[in-house]
Amino acid sequence: MIKKLLISPIVTRTLFRKNTPRTYDIITSSAYKTNNLPRVVPKEIPRPNNLYNLVSGPYRASTIIKNQWQLEGIRAACRRARTIIDTVSESVQVGVTTDAIDKLVHELCISLGCYPAPLHYEEFPRSCCTSVNNIALHGIPDGRPLKANDVLKLDVSVYYNGFFGDVSETYLVSDNEKTSVDNDALYLITHARRCRDRAIAVCRPGVEFSVIGRACEEYIKQCTGLKLVKNACGHGLGEQLHEPPQILHYYDPSEKQMQWTMQEGMVFAIEPVITEGNGRVKMCDDDIQVCTVDNSRCAQFEHTIAITSNGYEILTEGKADMRPNVLEKKAVFV
């Protein structure tokens with residue numbers, strides 16, 4: 001008797017993805033240049049103090065648990081960051097340069113009384129991060145026009161009245177249906193968002209920070225061909241852009257900060273980076289941008305959240321966003 005060979009849909013999709021030719025541009029740090037016009041912030045807008053890196057340096061325990069005054073200051077900054085990214089998202093289209101997107105982010109920051117936090121932070125030259133395709137982190141806006149089906153990660157951080165707000169989104173660049181949608185890119189973006197939402201959904205007082213990494217790993221294991229970029233970490237924030245704890249999006253039992261328990265008043269950003277490749281990244285020649293070693297595309301979504309008495313509050317939730325979507329396993333694949 002001849003037996004039929006049954007191949008699962010998951011295996012079929014994996015084989016198909018491995019043999020699909022690459023159809024997107026690989027971005028290099030030297031291929032496109034930004035213009036030399038500096039981004040100027042009016043003197044009346046307060047500047048952040050970037051002298052201290054509180055993730056690896058000394059810190060005070062009082063900075064970790066925020067009081068009501070601090071929470072309201074962070075909320076105000078996060079609302080502005082959300083307004084900026086929602087407004088700018090309407091300009092993400094074929095032909096627009098990331099430098100033009102950065103200019104718009106800069107102008108919106110000033111109009112809302114904010115200082116664009118990335119500007120001059122550790123020598124970063126622009127007002128937001130625009131990471132395209134294989135650029136995983138810290139993409140520098142430049143003169144390259146966006147193309148159909150580019151995967152654009154836009155990260156907006158602002159400093160407002162002494163506090164920071166931080167949010168990022170990923171967009172699949174469209175040319176109004178003239179070009180067919182890249183389903184692999186859509187798959188990547190969809191599950192990057194859901195991975196972040198799963199991580200948020202497990203947050204509440206009394207649980208270890210390690211549950212965030214466990215949730216991300218468990219979710220991505222169900223997504224064919226996708227990997228976590230372990231080098232990309234979340235972080236606490238408030239009066240500094242980077243505060244304790246450092247948030248790992250994978251489980252590491254040796255990391256002491258991941259054994260801390262969440263408490264009411266803690267504020268931190270969850271921002272897993274997901275890739276179609278092997279998850280390995282490297283620093284680009286400019287020592288600022290980070291790209292994937294295998295040139296695979298990445299997607300990232302970030303929210304700043306606060307731990308409340310019975311759960312969490314998403315401080316960067318916006319008009320185009322949704323509450324964390326806790327899905328059944330059978331509904332994971334699209």
Side-chain angles (χ1 to χ4, degrees), residues 17-18 20-35 55 92 96-102 105 117-119 121-157 166 168-173 182 184-189 191-193 195-196 216 220 223 225-235 242 246-250 269 271-302:
R17 286 167 62 87
K18 286 182 178 179
T20 301
R22 185 176 287 133
T23 58
Y24 56 89
D25 283 359
I26 296 171
I27 309 301
T28 62
S29 59
S30 59
Y32 300 92
K33 299 296 182 182
T34 189
N35 62 56
V55 171
V92 175
V96 174
T97 67
T98 51
D99 196 57
I101 289 172
D102 178 78
V105 168
L119 187 62
Y121 182 81
E122 296 184 352
E123 300 184 0
F124 193 83
R126 282 310 195 225
S127 296
C128 68
C129 296
T130 55
S131 305
V132 178
N133 293 341
N134 58 297
I135 301 297
L137 296 162
H138 310 151
I140 300 174
D142 59 29
R144 175 186 177 273
L146 292 172
K147 297 182 179 181
N149 289 316
D150 274 346
V151 175
L152 169 66
K153 298 169 288 298
L154 175 61
D155 194 335
V156 173
S157 307
D166 198 1
S168 71
E169 299 276 333
T170 298
Y171 308 97
L172 184 60
V173 179
D182 185 328
D184 281 343
L186 186 61
Y187 181 86
L188 169 68
I189 292 170
H191 291 299
R193 174 189 281 274
C195 181
R196 177 207 60 187
C216 290
I220 292 303
C223 301
L226 302 185
K227 295 284 187 181
L228 285 160
V229 175
K230 293 184 177 181
N231 301 67
C233 300
H235 52 91
H242 296 115
Q246 182 168 282
I247 307 296
L248 301 185
H249 302 111
Y250 62 96
E271 47 182 323
V273 175
I274 310 302
T275 177
E276 298 172 308
N278 58 28
R280 296 172 55 205
V281 294
K282 63 180 180 179
M283 190 70 73
C284 294
D285 294 339
D286 53 28
D287 289 329
I288 295 176
Q289 301 181 100
V290 177
C291 66
T292 54
V293 171
D294 57 7
N295 292 321
S296 58
R297 293 176 295 190
C298 297
Q300 178 186 39
F301 289 86
E302 174 185 21

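The chain is numbered in sequence order, starting from 1.
- The structure places NZ of K230 at 13.0 Å from CZ of R280, a figure rounded to the nearest 0.5 Å.
- Nearest heavy-atom pair across L152 and V132 is CD1-CG2, 3.8 Å.
- Two residues are said to be in side-chain contact when any heavy atoms from C-beta on lie closer than 4.5 Å; N231 and V290 fail this criterion.
- Nearest heavy-atom pair, Y24 versus N295, reported as atom, atom and distance to 0.1 Å: OH-O, 2.8 Å.
- Counting heavy atoms from C-beta outward, C298 and K153 have side chains that approach closer than 4.5 Å.
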Practice problem: Quick one: do I247 and C233 satisfy side-chain contact (heavy atoms from CB on, under 4.5 Å)? Show the steps, please. | Solution: CA-CA 5 Å; I247 307 296; C233 300; 5.8 Å; no

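- Rounding to the nearest 0.5 angstrom, the gap separating the OG atom in S131 from the CD atom in Q289 is 7.0 Å.
- What you find for C195 and L228 is that their closest heavy atoms are SG-CD2, 4.4 Å.
- Separation of atoms OG (S168) and CZ (R196) is listed at 8.0 Å; rounding is to 0.5 Å.
- Across every non-hydrogen atom of C284 and I135, the tightest pair is SG-CD1, 4.3 Å.
- Of the candidates N278, N133, T275, T275 is the only one forming a side-chain hydrogen bond (donor to acceptor under 3.5 Å, both in side chains) with S296.
- Side-chain contact between C291 and I27 is absent, with no heavy-atom pair separated by less than 4.5 Å.
- A salt bridge between D142 and R126 is absent, with no side-chain N of the basic residue lying under 4.0 Å from a carboxylate O of the acidic one.
- The minimum heavy-atom distance linking P141 with G139 is given by the pair CD-O, 3.5 Å.
- Taking the six-membered ring for Trp and thresholds of 30 and 60 degrees, H242 and Y121 have ring planes inclined between 30 and 60 degrees apart.
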Quiz item: What's the verdict on side-chain contact (heavy atoms from CB on, under 4.5 Å) for T170 and L188, showing C-alpha distance, side-chain angles and the deciding distance?
Solution: CA-CA 10 Å; T170 298; L188 169 68; over 6 Å; no

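- By the 4.0 Å N-to-carboxylate-O rule, K227 lies too far from D294 to be salt-bridged with it.
- Not a single donor-acceptor pair under 3.5 Å links the side chain of N134 to the backbone N or O of T292.
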Quiz item: What's the verdict on side-chain contact (heavy atoms from CB on, under 4.5 Å) for I274 and F301, showing C-alpha distance, side-chain angles and the deciding distance?
Solution: CA-CA 9 Å; I274 310 302; F301 289 86; over 6 Å; no

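- Counting only heavy atoms from C-beta outward, the side chains of D155 and D166 approach each other to under 4.5 Å.
- Note that the CG atom of L146 and the OH atom of Y171 stand 12.0 Å from one another [nearest 0.5 Å].
- Using a 4.0 Å cut-off between a side-chain N of Lys or Arg and a carboxylate O of Asp or Glu, D184 and R297 do not qualify as a salt bridge.
- With rounding to the nearest 0.5 Å, the separation of CD1 in I288 from CD1 in I140 is 4.0 Å.
- Between L137 and A232, the closest heavy-atom pair is CD1-CB, 4.0 Å.
- Here the side chains of L172 and N149 are in contact, with some heavy-atom distance below 4.5 Å.
- With respect to R144, the side-chain hydrogen bond (donor to acceptor under 3.5 Å, both in side chains) criterion is satisfied by exactly one of D99, D150, T97: D150.
- Side-chain contact between Y187 and C223 is present, with heavy atoms from C-beta onward closer than 4.5 Å.
- H249 and E271 share no donor-acceptor pair across their side chains, judged by distance under 3.5 Å alone.
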